[in-house]
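Below, each value reflects all heavy atoms present in this structure, side chains not excepted, and no hydrogens, waters or symmetry copies.
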Amino acid sequence: MSIAKTYTPADVEAKWYQRWQEQGFFKAKANPRKKPYTVVIPPPNVTGVLHMGHMLNNTIQDVLVRRARMQGKEACWVPGTDHASIATEAKVVALLKEQGIEKKDLTREQFLEHAFAWKEKYGGIILEQLKQLGASCDWDRTRFTMEPELTEAVLRVFVDLHQKGLVYRGIRMVNWDPLGQTALSDEEVIPKDVMAKMYHLKYEVVSSEYVDSAQEQGEKSQYSIPNTQYLTVATSRPETIMADVAVAVNPNDPRYTHLHGAKVRIPLLNREIPVILDEYVSIDFGTGALKVTPAHDLNDYELGVKHNLPVIDILNNDGSLNEKAVLYVGQDRFAARRNIVKDLEEAGHLVKVEEYASIVQTSERTKAVIEPRLSLQWFLKMEHLAKPALEVVENDTVKLHPAKFKNTYRVWMENVRDWCISRQLWWGQQIPAYYLPDGTYVVALTAEEALIQAREQSGNADLQLTDLRQDEDVLDTWFSSWLWPISVFDGFKDPDNADVNYFYPTNDLVTGPDILFFWVARMIMAGLEYRKEVPFRNVYLTGIVRDAQGRKMSKQLGNSPDPLDLIKQFGADGVRTGMLFSAPAGNDLLYDEKLVEQGRNFSNKLWNAFRLIKGWEVDAALPFPNEKAVEWFSAKLNATIAELDEHFEKFRMSDALMTVYKLVWDDFCSEYLEMIKPAYQAPIDPETLRLTTVFLETLLKLLHPFMPFITEEIWHELKERGPKEYVCVAAWPKVQPVANSAEVLARMERALGIVGGVRTIRNQKGLGPNKPLTLAAKTDDAQLLTDYDGIIRKLAALTDVSVVTEAPAASVGFVAGSSEFFVPLEGQIDLGAEKERLSKELEYAQGFRDSVLKKLANEKFVANAKPDLVERERQKLADAEAKITALEQSLAAL
RNA sequence: GGGAGAUUAGCUCAGCUGGUUCAGAGCAUCUGCCUUACAAGCAGAGGGUCACUGGUUCGAACCCAGUAUCUCCCACCA
């Protein structure tokens, strides 16, 4: 038979994925005899494509799910997509524009038709891509946040929250995205550091009550005496002066006491506005005078309310100036700014321009600069929902991994503000509020129900459906995704159905910290509000995938590899393990192709271990010579399984992978297989083959969650399997205690230490790996040499191992444990070098002994330290002294 | 401006309640090897004042205080 020397993933991956699906391994059904294990996918944007972040995130989920499945749980991973209202609508608008169609020329229905067509065409590509990664989702459960059932869930919740008095409508200063032309929630706004310009503008003072009080106290003032004819204000937004309704100064500012009660004239416009006094104004920032523009700044709005000022809104939805501005009407805000600066300068109103570091708020989705804007929006009160949601994280009912995110979570929850849930878009769930002709409104699940309510509310029994007008706005996307863990099991339509009762609460959620508030926190709120139970127990927060230089991956930089290309090149298993090698929870992953290369190499290593075993011929007559090797590997394997389980419990995925990686590569391949490997083309005894096959099968099981494809391939190539016998559903190995495990491991470690010593000498002396050598040991543990004789001779390529009392002449030595070993080497001995080596060794041992002595001589140590610790120190001292004696003798013998 | 976390080998990170294994792992580097499972490999080696300064303790990478640097989160100074 011949097996390919290198593993070629492309040949087998699609095959196994299909088989698993045919077998229905990924399907989950409520099964009272099994424990449920549930994960809901963070639904990717329906029109999105797979990027590296998805790869990391979904690999982690798949590892968790596959392991749970093998542990005999009813593993249920629910896939699906998100309608992503702003992002998708923006994409559709852009696409239509390319076709020469403007959104404003379409009706809502026509637009939605286009949007759904787009969704049908491109939607769900990402889910197909996930299959190539090996994601073991229950595809029959695939959901979409805007499908009819989930939309109904959203509407039900809206109606319910409205009935509870938690949803309200109000005029508030909201974050307006002039590009998306919609309001955004506070969480969708990203502050960006910029260098901005501060314009100092002169406003002419026009007051009859002018009193020059500043002049009198001028000498005492730390501030320069202002121009009495003008008041200078500092602003970063000169184009909004047309919306000014006042100029505010601090009442305690001595520079401006003469202006108390005065009026000033807006430049260019010449409209008069009052000077108001408010301690909100900082004396030492800017000029100490603040222009008040209630329509376009939150603080100004609050000042306006406090001082009873009018509101002048000079902006259109798209960020251009409207006729209320009088000047620059129709120009975009930034164009208007450029123009007005020029005009102000010409008119002599521009005193100076300063550069200063500032922050602009931008839209997370469209990147547009946010315009604070007063508008009528729907809000959800958060206080009632946030309180219990904070509590369950504080008391670890929901555990965040890593736990440091608890702090972030707490701060946000304690300061949470009401959630603006309306969006001025079409792609999404239209708000089920219906306006009556009299301007009042009702909220109901359907138009028909709304009509009944409306008739009652208005006392007008003749109202018709056509008299009602439904709110134009849709709900924030997150208003559907916060219900996801419940809605995917139809928990709103049918709150007592078998699925939701069985699979909810889910177990683990894997997502990025960037949506901790958007999504995670709100799911916890919804879960507690609607099921009285948290939606999940553990939240694993991944990092961001960056490039090797730590930059975020982006299309512009071109530093983001195509995940599907990577899978083609390195295999899904290689990519999965590559991503996981260096991805502790919460840490950013610096992606480097070397990582997936390492993953690919690991696949190949495993493949070749299989090739070796598969290639052996059996001779039934041979005795079993590998008791020590088998005993040791059993112990090692079981110790490692325990370690692995612990890593999983703590969600240390990288550590878990590294643990199996080393078990396979170092312990199994480098040590165990080398110990039992028959000579070239020699047959193997049946018992060793049987046991080794079992070992390999166990390793395949441990590896399967990480590397599903290659493990399944080898599983089936290794021997004939029953029709349902897949590693995918094999039982996860349990720790089986091995007698004297610690001692077995320790003794083999010492034996391997001897092997290492001989190999080091081979390397140092340039002897090559196979030159026959002998070994002489000065040791008080001759039994070790007897027990491990075969292993030591084989791995170190020795023809003979003997016990001696004196160092043989002309030999090179090394120390392992407290014993000394010698390799006789005719004519290759450098006496000087040997002396130097021994002296160094001796010096180190003496230093070590002295430090232990010092410790033991310290009365306080002996008195305060734990007794067994002191005992150990005494043992260390004895060992060190024995070693020193041996070294001194050897040195004297030279 | 407020808060949280971090700083350990060239890189990415472990290091649990201070005390065997306390200075580790993987990758990278260097030196030998095409030794018939694997050169996508084998064998071996060299890398660190545990950010800095003090303190507590018999004993500190670990506890405390301060300093520096970095990251993240929150925040309305025009």
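Across all strands shown, B:C33 pairs with B:G41; the Watson-Crick or G-U wobble distances both stay below 3.5 Å. Pairing for B:C63 is with B:G55, a Watson-Crick or G-U wobble pair whose two hydrogen-bonding atom distances lie under 3.5 Å. B:G24: Watson-Crick or G-U partner is B:C13, with both key distances under 3.5 Å. B:A4 and B:U71 make up a base pair, with Watson-Crick or G-U wobble contacts both under 3.5 Å.
Nucleic acid contact class of A:L290 (heavy atoms, under 4.0 Å, all strands): base. Within the nucleic acid shown, A:R600 comes within 4.0 Å of at least one base atom, counting heavy atoms only. Among the atoms of the strands shown, only primed sugar atoms or phosphate atoms (P, OP1, OP2) are found under 4.0 Å from some heavy atom of A:R652. Nucleic acid contact for A:S358: sugar-phosphate only, since backbone atoms but no base atoms lie under 4.0 Å from a heavy atom of the residue. At the heavy-atom level, A:D300 lies nowhere under 4.0 Å from the strands shown. The residue A:V233 sits apart from the nucleic acid: no heavy atom pair falls under 4.0 Å. Among the heavy atoms of the strands lying under 4.0 Å from A:S282 is at least one base atom, whether or not backbone atoms are also near. Counting any heavy atom pair closer than 4.0 Å across all strands shown, A:Y356 reaches sugar-phosphate atoms only and no base atom. Nucleic acid contact for A:K5: sugar-phosphate only, since backbone atoms but no base atoms lie under 4.0 Å from a heavy atom of the residue. Residue A:I359 is in base contact, counting any heavy-atom pair closer than 4.0 Å across all strands shown. Residue A:F581 is classed as having no contact, given no heavy-atom separation below 4.0 Å to the nucleic acid. Within 4.0 Å (heavy atoms only), A:N763 reaches at least one base atom of the nucleic acid. Within 4.0 Å of A:Y661, counting heavy atoms only, lie sugar-phosphate atoms of the nucleic acid but no base atom. A:R417 comes within contact range of the sugar-phosphate backbone alone, with a heavy-atom separation under 4.0 Å but no base atom that close.
Classification of B:G26 as anti follows from a glycosidic angle more than 90° from 0. With a glycosidic angle no further than 90° from 0, B:C22 counts as syn.
Using cut-offs of 30° and 60° on the angle between ring planes, the pair A:F695 and A:Y672 is perpendicular. Using bins of under 30°, 30° to 60° and over 60° for the plane-to-plane angle, the ring pair A:F648/A:F706 lands in the parallel bin.
Annotation: B:G54 and B:A68 have their C1' atoms spaced 15 Å apart (nearest Å). B:G48 sits 25 Å from B:A43 when the C1' atoms are compared, rounded to a whole Å. For the C1' atoms, the distance from B:A14 to B:G2 is 32 Å, rounded to whole Å. B:C52 and B:C11: their P atoms are spaced 16 Å apart (whole Å). Atom name P, nucleotides B:A4 and B:A65: the rounded distance is 12 Å, in whole Å. Spacing of P atoms, B:C16 relative to B:C74, comes out at 31 Å, to the nearest Å. Comparing the C1' positions of B:C30 and B:G10 gives a spacing of 13 Å, expressed to the nearest Å. The same atom, P, is picked in B:U36 and in B:G46; the two are 28 Å apart, to the nearest Å.
Between A:M198 and A:D588, the one whose closest nucleotide on RNA chain B sits nearer the 5' end is A:D588. The 5' end of RNA chain B is approached more closely, in terms of each residue's nearest nucleotide, by A:K650 than by the other of A:K662 and A:K650.
With values rounded to the nearest 0.5 angstrom, A:L696 atom CG is found 6.5 Å from A:I714 atom CD1. In this structure, the separation between CG on A:L606 and CD1 on A:I710 is 4.5 Å, given to the nearest 0.5 Å.
Side-chain contact of A:D11 with A:T8: a donor-acceptor pair under 3.5 Å is present, judged by distance alone.
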Step-by-step side-chain contact (heavy atoms from CB on, under 4.5 Å) determination, A:F668 to A:L699: CA-CA 9 Å; A:F668 187 65; A:L699 294 176; 3.4 Å; yes
How far apart are the C-alpha atoms of A:V247 and A:V292, what are their side-chain angles, what is the distance that settles it, and do they pass the side-chain contact (heavy atoms from CB on, under 4.5 Å) test? CA-CA 5 Å; A:V247 170; A:V292 182; 5.9 Å; no
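Here ring pair (Phe, Tyr, Trp, His ring centres under 6.0 Å) pairs that include residues 594-616 of chain A, with residues two or more places apart or in two chains, are A:Y7-A:W607, A:F602-A:Y661, A:W607-A:F610.
Where RNA chain B meets chain A (any atom under 4.0 Å from a heavy atom), the bounding nucleotides read 5' to 3' are B:A4 to B:A78.
Salt-bridge check for A:E873 with A:K855: passed, with a basic side-chain N closer than 4.0 Å to an acidic carboxylate O.
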